[in-house]
Amino acid sequence: MRIVLVGPPGAGKGTQAAYLAKNLSVPHISTGDLFRANISQGTELGKKAKAYMDAGELVPDEVTIAMARDRMSQPDAGNGFLLDGFPRNLSQAKALDEALKEDGVRLDAVLDLEVPEEEVVKRIAGRRVCRNDSSHVFHVTYSPPKQEGVCDVCGGELYQRDDDSEETVRTRLEVYHTQTEPIIDHYKAQGLVVTISALGKVTEVTERAMEALQQARAARAS
Ligand code: AMP
């Protein structure tokens with residue numbers, strides 16, 4: 001399956017993407033994770049991306065599209081992928097349409113995770129992420145680790161992302177509304193959007209998402 005995941009920062013895209021990708025046996029491709037890996041490895045790409053990320057703004061399209069396409073052309077993505085955080089504006093969505101067309105394949109669904117804005121701010125302010133694996137996510141109040149600052153899953157160090165400060169979150173939300181939300185209409189016109197609530201337990205949201213994706217797949221096959 002080829003799936004795009006959209007939703008505001010703090011909707012739980014990364015967490016859900018990790019579970020869904022495993023269930024669907026496709027790679028989880030997160031442009032945010034790819035940028036963060038480049039930053040920690042000190043690459044030129046990472047240096048270019050860092051200032052934009054710290055400010056909560058989008059990294060320029062030419063850098064982002066090339067990086068995403070490169071990752072999507074790896075052998076493990078041959079039969080499908082789950083895109084998390086890409087595309088994030090209309091020109092990226094159109095570049096993805098083009099790339100898929102060239103490959104003679106199409107998206108199966110665009111999963112839209114819906115969450116109220118006040119919940120987003122609460123979720124992000126307390127979010128702590130594992131340095132070893134960004135799908136190991138905790139929250140200081142909602143799902144605290146057994147030992148403060150230590151990942152329950154792998155013992156890695158938990159940290160607060162530089163761009164999870166309250167001020168940057170507001171910019172990221174603004175960017176989401178003005179630049180990313182329009183891609184939902186773009187995909188609605190292609191009949192691809194399935195919207196689910198991202199509220200509730202992680203497992204409940206995963207179940208909801210799997211059900212919605214199965215329905216979308218059945219509808220497209222008929
Ligand atoms: P994320 O981990 O998806 O929340 O992304 C963190 C940050 O990485 C974003 O706030 C952007 O600065 C940058 N980023 C991730 N994906 C993209 C994208 N598709 N286009 C531009 N910037 C991106």
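Atom set for the values below is all heavy atoms of this structure, side chains included, hydrogens, waters and symmetry mates excluded. Just so you know, ligand 1 is whichever comes first in the structure, and atom 1 is the first atom listed for that ligand.
Every atom of ligand 1 is numbered from 1 in the order shown, and the set under 4.0 Å from a heavy atom of R161 is 1 (P), 2 (O), 4 (O), 6 (C). Atom numbering of ligand 1 starts at 1 in the shown order; those under 4.0 Å from a heavy atom of R172 are 4 (O). For ligand 1, the atoms lying closer than 4.0 Å to a non-hydrogen atom of R36 are 2 (O), 6 (C). In summary, the atoms of ligand 1 found under 4.0 Å from a heavy atom of Q92, numbered by their order in the structure, are 18 (C), 19 (N), 20 (N), 21 (C). Shown in contact with G32 at under 4.0 Å from a heavy atom are these atoms of ligand 1, numbered in order with element: 2 (O), 5 (O), 15 (C), 16 (N).
For atom 22 (N) of ligand 1, the nearest non-hydrogen atom of the protein is V59 N, 3.0 Å. Distance from atom 5 (O) of ligand 1 to its nearest protein heavy atom, with residue and atom name: R88 NH2, 3.4 Å. Protein heavy atom at the shortest distance from atom 8 (O) of ligand 1 is M53 CE, 3.4 Å. Closest to atom 11 (C) of ligand 1, if we only count protein heavy atoms, is E57 O, 3.5 Å. Among protein heavy atoms, atom 23 (C) of ligand 1 sits closest to F35 CE1, 3.7 Å.
Residue contacts with ligand 1 for D163 involve side-chain atoms from C-beta outward but no N, CA, C or O (heavy atoms, distance under 4.0 Å). Contacts of T64 with ligand 1, taken as heavy-atom pairs under 4.0 Å, involve the side chain alone. Residue contacts with ligand 1, taken as heavy atom pairs separated by less than 4.0 Å, do not involve Q179 at all.
For N79, the CG atom is loosely surrounded, since the number of other residues' heavy atoms within 6.0 Å does not exceed 12. Other residues, nucleotides and ligands contribute at most 12 non-hydrogen atoms within 6.0 Å of the OH atom of Y19.
In this structure, the side chains of R127 and R161 come closer than 4.5 Å at one or more pairs of heavy atoms. Two residues are said to be in side-chain contact when any heavy atoms from C-beta on lie closer than 4.5 Å; V115 and P8 meet this criterion.
For the pair R69 and E98, the salt-bridge criterion is not met [side-chain N within less than 4.0 Å of a carboxylate O]. E166 and R170 are joined by a salt bridge, as a carboxylate oxygen and a charged side-chain nitrogen come within less than 4.0 angstrom of each other. Ion pairing between D112 and K188 fails under the 4.0 Å rule for side-chain N and carboxylate O. One finds a salt bridge joining D162 and K50 here, because a Lys/Arg side-chain nitrogen approaches an Asp/Glu carboxylate oxygen to under 4.0 Å.
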Salt bridge (Lys or Arg N to Asp or Glu O under 4.0 Å) between R106 and D97, worked out: CA-CA 8 Å; R106 56 182 195 170; D97 286 349; over 6 Å; no
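For the 3.5 Å distance criterion, the side chains of T206 and Q16 qualify, holding a donor opposite an acceptor. In this model, no donor atom of one side chain and acceptor atom of the other lie less than 3.5 Å apart for T168 and T171.
Considering backbone and side-chain atoms alike, G56 places every N or O at 3.5 Å or more from each N or O of ligand 1. Ligand 1 has a nitrogen or oxygen under 3.5 angstrom from a nitrogen or oxygen of T31. Not one N or O of L58 is nearer than 3.5 Å to an N or O of ligand 1, by distance alone.
Not a single heavy atom of K13 lies less than 4.0 angstrom from ligand 1.
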